[in-house]
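Heads up, the thing below is written out as structure tokens.
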2 protein chains.
Amino acid sequence: MLSFTEENYLKSLLQITLENEEKNGAGTNELAAHLKVKPATATDMLKKLKSKKLVDYKKYGKISLTVAGRKYAVEIIRKHRLWETFLYKKLSFTWDEVHEVAEQLEHIQSQKLIDRLDEFLEYPEFDPHGDTIPTAKGELKISFKKTLAEVADGQSCKMVAVKDNSADFLKYVVKVGLGINNNIKVLSKESYDSLLTIEVNGVVSSVSQKFAQNIFVVCPPDTMKPTSKTKKR
Amino acid sequence: MLSFTEENYLKSLLQITLENEEKNGAGTNELAAHLKVKPATATDMLKKLKSKKLVDYKKYGKISLTVAGRKYAVEIIRKHRLWETFLYKKLSFTWDEVHEVAEQLEHIQSQKLIDRLDEFLEYPEFDPHGDTIPTAKGELKISFKKTLAEVADGQSCKMVAVKDNSADFLKYVVKVGLGINNNIKVLSKESYDSLLTIEVNGVVSSVSQKFAQNIFVVCPPDTMKPTSKTKKR
DNA sequence: TATAAATGTTAGAGTAGTCTAACAAATTTT
DNA sequence: AAAATTTGTTAGACTACTCTAACATTTATA
Ligand SMILES: [Mn+2]
Ligand SMILES: [Mn+2]
Ligand SMILES: [Mn+2]
Ligand SMILES: [Mn+2]
């Protein structure tokens with residue numbers, strides 16, 4: 001049985017590796033920043049997690065999860081996303097409110113609880129942010145890779161998820177008139193600053209590159225060749 | 001914002017005072033036993049809670065909650081019982097399983113969550129053990145006082161709640177064929193050891209005094225005079 | 001009321017998790 | 001390849017919560 005803190009370290013490590021699969025492992029500073037602690041603190045915890053055989057770590061080396069550590073981390077992500085779905089679907093929370101509460105709920109220890117919750121929600125595949133929910137067996141589908149920022153001028157796509165989960169960003173997304181499953185047409189793209197002009201539900205608006213990089217999209221299959229962008233894993 | 005630990009101290013203090021309202025306050029050993037810590041540990045925490053103005057406490061004196069402390073404790077009890085109700089009603093947990101998980105869930109910090117949960121459950125009055133659920137305003141009805149052990153020979157009553165919330169006891173209650181709202185007729189009572197012979201749904205069984213002291217009942221109103229057993233407040 | 005028993009407090013210490021400051025190793029730049 | 005920068009570790013300290021052992025106070029008993 002791990003502590004809240006230990007669980008959060010594992011979760012952060014998984015999140016870091018999922019966000020950038022070409023990388024072989026995380027760094028101490030990176031992990032510390034993700035958890036909002038100081039690097040010295042992370043070093044201490046890494047020693048502890050190594051002794052529990054949950055992370056592969058050696059001095060000055062790259063950090064990665066062991067198979068056991070990854071499995072544990074996936075379970076936490078599963079709980080997080082199921083709780084987010086519960087709050088959204090059953091308790092009418094908005095998509096920008098669910099994350100904060102799920103950060104607490106993800107640490108509740110009860111296998112039965114999470115199994116029953118999954119059943120109660122009728123085995124959802126996606127959370128309110130469009131992220132895939134790992135199955136009870138610990139299978140975590142590869143997340144979406146293409147962002148709105150990568151869509152070519154004139155092309156259409158569908159919004160499937162968000163990268164940034166902060167309430168500020170999510171509220172802004174709603175304000176711009178966007179949401180999961182919306183169809184987006186990229187009307188134009190400024191070459192100077194990559195400002196995008198997009199059309200959603202007949203409404204035209206402009207979004208920054210930073211914004212566009214946090215919107216995951218899929219493009220119609222026939223529009224795209226089997227892309228080499230989909231990395232191994 | 002209080003820690004899990006601080007919340008548990010407040011909750012224990014409220015539980016102790018609710019269980020025995022004639023007493024003016026709790027003792028250090030009693031509180032420590034309730035929390036399964038050593039008395040020295042409790043003393044330390046009492047100093048801290050006193051400094052936060054949540055308990056009235058002075059060296060070697062009786063311990064009681066301040067108005068603010070009691071309010072906080074009632075909120076925790078409310079969360080605990082709402083979560084128990086959720087697990088029981090929505091996730092098909094049995095009544096002996098809910099308590100353990102609710103011990104964790106009661107510490108989740110989100111006013112919106114508990115309000116929405118209350119609404120989702122349609123403002124339940126009682127938890128799966130028959131205990132009253134405090135309202136959003138912090139009103140906590142006086143619990144039942146009469147136990148099966150006090151019911152006279154030949155008299156009938158209705159089971160309304162259990163005192164002991166342990167899984168072992170609750171499973172035993174089910175095994176004996178008892179449950180909330182069952183009508184119980186006390187057929188006889190041994191004068192030597194107070195062994196009770198009871199009839200429930202046409203089935204006759206024997207229960208010990210210890211068992212009977214953990215079953216709360218109400219007797220038909222006309223059978224009882226306005227009892228002086230119902231203490232002030 | 002004196003003594004014994006029960007109850008409660010203090011002092012000192014340990015663990016988990018965090019920090020700052022100083023240092024060491026690895027990487028990048030020149 | 002040397003210097004500068006970035007990255008990571010160690011040492012020492014602090015807080016929250018817990019314990020044991022010794023001591024103090026209160027209550028019960030003789
Ligand atoms: Mn989230
Ligand atoms: Mn999410
Ligand atoms: Mn309970
Ligand atoms: Mn209960």
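Per chain, numbering begins at 1; letters A, B, ... match sequence-line order. Note that the structure is a prediction, hence the values are computed from the model and not measured.
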Between Arg78(A) and the options Thr132(A), Asp118(A), Asp127(A), the side chain to side chain donor-acceptor pair (under 3.5 Å) test singles out Asp118(A)

Whole angstrom value for the distance that separates C1' of dT18(D) from CG of Leu35(B): 12 Å

Looking only at side-chain N and O atoms, does Thr41(A) come under 4.0 Å of OP1 or OP2 in dT18(C)? no

Aromatic ring centroids of Phe86(A) and Phe86(B) under 6.0 Å? yes

Whole angstrom is fine here: how far is it from OH in Tyr60(A) over to P in dA25(C)? 5 Å

Would you call Ile108(A) and Val101(B) a side-chain contact if the rule is heavy atoms closer than 4.5 Å? yes

Measuring centre to centre across the rings, with the benzene-like ring taken for any Trp, is Phe169(A) within less than 6.0 Å of Phe211(A)? yes

Contact list for DNA chain C against residues 1-17 of chain B - heavy-atom distance below 4.0 Å: none

Salt bridge (charged side-chain N to carboxylate O under 4.0 Å, His left out) between Glu19(A) and Lys163(A), worked out: CA-CA 9 Å; Glu19(A) 271 170 29; Lys163(A) 190 169 188 177; over 6 Å; no

note: Ile63(A), atom CD1; dT9(D), atom C1'; distance rounded to Å ~ 12 Å

Closest nucleotide among dT25(D), dG8(D), dT18(D) to the Thr43(A) side chain: dG8(D)

Looking at dA25(C), dT10(C), dT10(D), which one has an atom nearest to any side-chain atom of Lys47(B)? dT10(C)

Which residue is it: His34(B), Glu103(B), His107(B)? I am looking for the one with a side chain to side chain donor-acceptor pair (under 3.5 Å) to Lys11(B). Glu103(B)

Is the shortest side-chain N/O distance from Tyr57(B) to OP1 or OP2 of dT9(C) below 4.0 Å? yes

Atom CG of Asp44(B) to atom C1' of dA11(C): distance rounded to whole Å? 10 Å

To the nearest angstrom, the CD-C1' distance between Glu30(A) and dG8(D) comes to 13 Å

Could you check how far CE of Met45(B) sits from P of dG8(C), rounded to whole Å? 18 Å

Got more than 12 heavy atoms from elsewhere within 6.0 Å of NZ, Lys90(A)? yes

Could you give the CG-to-C1' distance, from Leu46(A) to dT18(C), as a whole number of Å? 14 Å

Under 4.0 Å from OP1 or OP2 of dA24(C): is there any side-chain N or O of Lys59(A) that close? no

Which nucleotide in the list dT18(D), dT10(D), dA24(C) gets nearest to the side chain of Ala40(A)? dT10(D)

Want to settle it: does Asn29(B) or Lys38(A) sit nearer the 5' end of DNA chain C, counting the closest nucleotide to each? Asn29(B)

